Amino acid sequence: MQTKKIINDGGRAVDEMLEGVLAAHPRHLRAVAGSPRSIVAVAGPRVGKVGLVIGGGSGHEPTFLGFVGKGLADAAAIGNVFASPPPDPILECAKAVSGGAGVLFMYGNYAGDVMNFDMAAEMAAMDDIEVRTVLTTDDIASAPRDQIEKRRGVAGNFFIFKAAGAACDLLYPLEECERIARKANSRTYTMGVALSPCSLPQTRKPNFEIGADEMEIGMGIHGEPGISRGELKTADQITDEMLDRILAEMAPARGDRVAVLVNSLGSTPLMELYIMNRRVSQRLSEIGVEVHATWVGNYCTSLEMAGASVTLMHLDDEMTTMLDHPCDCAMFRAG
Amino acid sequence: MQTKKIINDGGRAVDEMLEGVLAAHPRHLRAVAGSPRSIVAVAGPRVGKVGLVIGGGSGHEPTFLGFVGKGLADAAAIGNVFASPPPDPILECAKAVSGGAGVLFMYGNYAGDVMNFDMAAEMAAMDDIEVRTVLTTDDIASAPRDQIEKRRGVAGNFFIFKAAGAACDLLYPLEECERIARKANSRTYTMGVALSPCSLPQTRKPNFEIGADEMEIGMGIHGEPGISRGELKTADQITDEMLDRILAEMAPARGDRVAVLVNSLGSTPLMELYIMNRRVSQRLSEIGVEVHATWVGNYCTSLEMAGASVTLMHLDDEMTTMLDHPCDCAMFRAG
Amino acid sequence: MIDSARLKTVFRTIASAMDTHRDRLCALDGVIGDADHGIAMTLGYSAARDAVDALDDTCDPTALLNTAAKSFLNAVGASSGPLYATAFMRAAACVKGKPVVEDADFVAMLQAMAQGMVDRGKAAVGEKTMIDAWLPASNAARTSWDETANLCESLSAAVRAANAGMEATASMVATKGRSARLGERSLGHVDPGAASAVVAIEAMREALCC
Amino acid sequence: MIDSARLKTVFRTIASAMDTHRDRLCALDGVIGDADHGIAMTLGYSAARDAVDALDDTCDPTALLNTAAKSFLNAVGASSGPLYATAFMRAAACVKGKPVVEDADFVAMLQAMAQGMVDRGKAAVGEKTMIDAWLPASNAARTSWDETANLCESLSAAVRAANAGMEATASMVATKGRSARLGERSLGHVDPGAASAVVAIEAMREALCC
Ligand SMILES: Nc1ncnc2c1ncn2[C@@H]1O[C@H](COP(=O)(O)OP(=O)(O)O)[C@@H](O)[C@H]1O
Ligand SMILES: Nc1ncnc2c1ncn2[C@@H]1O[C@H](COP(=O)(O)OP(=O)(O)O)[C@@H](O)[C@H]1O
Ligand SMILES: [Mg+2]
Ligand SMILES: [Mg+2]
Ligand SMILES: [Mg+2]
Ligand SMILES: [Mg+2]
């Protein structure tokens, strides 16, 4: 039996989605002529500004394309569902947003993305576009601390892209943008939990099996298995388990400030996310950590997967400025 | 077997959600002292302004409380899941937002809400607060055209509240606010389709049964049965079926303008919504109707139900001004 | 004669009966409504029970019933909240000034309750609501009382009438409440509010006669 | 001797074999990855098939293989895209200037393909990737060719080695690709990329020898 989806043709789902996105957001987004998988901000790129190109597989909406706009990313290269885009649309993004000050590539740390973005970076270099790359690795469940370079990028992308996008918008030079992007990544910590699978539009089969009373801790945003599977716990227990790990790594001091993201993987509703946020806020206030800002909702999804993640960004003055910097994107606004 | 939810205690889910909401949005929302189910905009109410009180059952987030803020609703009274709030929290909202210019009650047309809001209106009158009531009835699937007063209010709430909220924010007198609210309601048309049930936190049982290849057309946002059940169709067929009915009622002329909302009932992801929006935009452009603005996402949900709705608001200059009016709410911004 | 202590027992018995039937009532509501009627009724009656239990036994029936009304309403909202709250307030008004509820008063209270629900919800018999159980039940209690002057006989008559009324809702097309939009599709299904009315009235008889 | 017409047949045969195995490859990827490997491989090979089919039969093998590389990559992205695209480009370079692919060239091409994948993905044998099938397969083809100078013998040897390599991945802990984060939990499961390598190499033999 196939899973239920409101689609036409699984193989055309990504392209039809993009048509629907462009129809909905003509004041924010356009496709590069001849390259429909290269989505550019109408108002983002400008001369002398570092161009920020993000991207990755589809199925994580509003990540990536929803974060394209003035003050955040200048372009997103769009892959098939859960598949890195090939080098061509990435290169077209780079060309479209290059304002002479260099281009920053940012994406989650996955083998496929690394290979495709690296190929695109080499091609861009041949076109005399200087490209720097910053991989996001915020998923603390995906590798131990001493192998941070192996970690995946997940919902924390949102904070990391936001910080880098602000730096680019402030016309910082490429080195500074890169530094801020790396710093943002190093201060961002995510843990997730999955309750039920999603299914790819082409196969319409659940992408993993999970017991009716089980949850998977640390599952990736493509349904990659996590660190352990166990009985479904209460919201407070789940949130505590996430926070225990996040806070152990972040090690905030009393009086430190953080930004909070409680993110749905797809079908977990706001009611559950806010119940989790209640616990996040209780725990942080217990240890004297101040919440500077909180975002709750669907920010980085896995199609219709059930589950949620908690991300904390450890702020300092610079990161606070970057997060507070205004942006106006198709699917997100700040400031 | 219980459905999977990230909650603590089903009976406390709404109150815990509200704690999490207030923790996340301290700059936008506060609860009335002593009345935790009465949520008020920090910046909305002011002297001489008609106070807009919306409300209804929980489980539809971001409707209702997410639309509380400067420029939209001044307060929301929060009921149990899928249950109207009782008169007390509604009355407390009315008192908190009354600035001497009267109070407008707006909510979906459900027997329970009508009884509770009417009782609250009577109590407010005893406190010398003039209350007017406008029910939303945008769900064209819920009763035939000649019984419009029987129709339910669903996702179109978003447009209708937005228009009324703008009128209130512009300091229009109560009669004008009421007129604009009624006009907005009369120009807003919604059709929905459900693919799978949700479950109440207290019972954690699916609230209806539906075949693995079926969809229900016209289902309400509380899982109330719709007008017919049939085989799951393609995105284009589903969208066409909705639009055929909506356009037949709205009867737009060539050159008319509309606002579009493609709304997820909960677990239907953005990819599917945008595929639907592609078809909406194609159909409208075929008949020469201009899309003034489009919103796509989770605006009026039924917990984790799968399904979607399409809403069109038939614009004129006045309605356009009201929709474009800026607002700054906990879970929504415009302008 | 029913004093406030016995009235508390009535609420306790109804609350526990609703608990027992919660999931069945939700399931009935799932078919033609929004699947929460069992929750509303258990919430409402347990709130009422807790609120009246907290009162002193010397408190008069009017105060007790008004307390029940207020606590039921505030716990529930929904449709059942205003309907039952209005019913309890009318029952309270009906025994105003009396230190205890006489058996005859209890029968009058039942009628006042049903009338309160009609006034609040504007439903008539035949619209597939709790009215289809409550109105015939309270009328049957009255008829039986006029013949027998026996409360338990009257309550038994009420239970029979409520059951018959509830069963009759299965062949009605809903025209009030959430299921009114279903039209013909509501046929064949019992109304959840009528079903919970039977539970409530049966529990009254149990509390007062068993 | 393999001219461009026969090379097209090779792509056609692989594409149809991938179609047959699509759901199995997705299921394998679902266990230790993201459940899309069958999709990537069918997309990639059908795009390559369509692109080379659209070329004239007089087009030289290098141009044909470069076309396959580009179309595979652009249809797929993911991990498989760059890996197979690099493999095809190396195969193309390997026969540069030749009007047709001699049997000996085909064996050399297999080795160039495997080396291209290693260069692109930086994986060594034992890291639970498609390399564990491709590298032993291409080496086995070389050894067999040196002994027999028979392409079909060589391809059979490649198929056997690919199968053995694929099976060996079940007892490896992944250290490259998406499943690398699984650690011990990847044990006991065959790598989907190694499984699709077997499908591809078997289809080559079928196209050229059956
Ligand atoms: N106007 C009305 N008059 C009398 N009873 C009504 C009316 N509307 C609804 N009801 C009753 O309320 C019941 C549903 O109650 P409940 O599920 O608690 O409320 P809601 O419909 O708000 O979810 C229906 O089964 C019906 O018996
Ligand atoms: N660095 C690498 N070198 C060689 N093969 C790799 C590498 N990374 C991944 N693979 C192969 O790719 C396969 C997965 O491909 P695919 O599912 O198409 O891509 P993705 O992981 O992007 O979803 C793995 O099973 C593995 O064989
Ligand atoms: Mg993939
Ligand atoms: Mg309800
Ligand atoms: Mg109900
Ligand atoms: Mg994969």
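Keep in mind that this is a model prediction, so the values were computed, not measured. Below, each value reflects all heavy atoms present in this structure, side chains not excepted, and no hydrogens, waters or symmetry copies.
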Please find the pair of heavy atoms, one from [X] and one from [Y], that lie closest to each other, and give the distance.
X	Y	answer
C:Gly177	B:Ala111	CA-CB, 3.8 Å
C:Gly33	B:Pro225	O-CD, 4.3 Å
C:Gly77	B:Asn116	C-ND2, 3.7 Å

Where on [X] is there a heavy atom nearer than 4.5 Å to chain B: the side chain, the backbone, both, or neither?
X	answer
C:Asp23	side chain
C:Arg120	both
C:Ala85	neither

Quick one: what part of [X] sits under 4.5 Å from any heavy atom of chain C, side chain, backbone, both or neither?
X	value
B:Val114	neither
B:Pro85	backbone
B:Ile227	backbone

*asked:* For the CZ atom on B:Arg245, are there more than 12 heavy atoms of other groups (residues, nucleotides or ligands in this structure) within a distance under 6.0 Å?
replied: no

Taking the side chain as every heavy atom from C-beta outward, state whether [X] and [Y] have any pair of such atoms under 4.5 Å apart.
X	Y	value
C:Arg22	B:Thr203	yes
C:Leu182	B:Glu224	no
B:Leu200	C:Ile39	yes
B:Met115	C:Lys122	no

*Euclidean distance, B:Phe208 CZ relative to C:Asp34 CG, rounded to 0.5 Å*: 12.0 Å

*Does C:Cys26 offer a backbone N or O that forms a donor-acceptor pair with the side chain of B:Asn207 under 3.5 Å?*
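Answer holds: no.
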
*For chain C, find which of B:Lys150, B:Arg37, B:Arg152, B:Gln147 contributes the most heavy-atom pairs closer than 4.5 angstrom.*
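Heavy-atom pair counts peak at B:Arg152.
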
*What option among B:Pro86, B:Gly226, B:Gly112, B:Ala143 has the most heavy-atom pairs under 4.5 Å with chain C?*
B:Pro86

_salt bridge (charged side-chain N to carboxylate O under 4.0 Å, His left out) for C:Arg181 and B:Glu149? Distances and angles first, verdict last._
CA-CA 11 Å; C:Arg181 282 88 176 205; B:Glu149 73 291 347; over 6 Å; no

*asked:* Can you tell me which of C:Leu83, C:Leu43, C:Leu73 forms the most heavy-atom pairs within a distance under 4.5 Å of chain B?
replied: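 Of the candidates given, the most pairs with chain B belong to C:Leu73.
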
*Give the member of C:Ala35, C:Gly30, C:Pro82 that has the highest number of heavy-atom pairs under 4.5 Å with chain B.*
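Ranked by contacts with chain B, first place is C:Pro82.
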
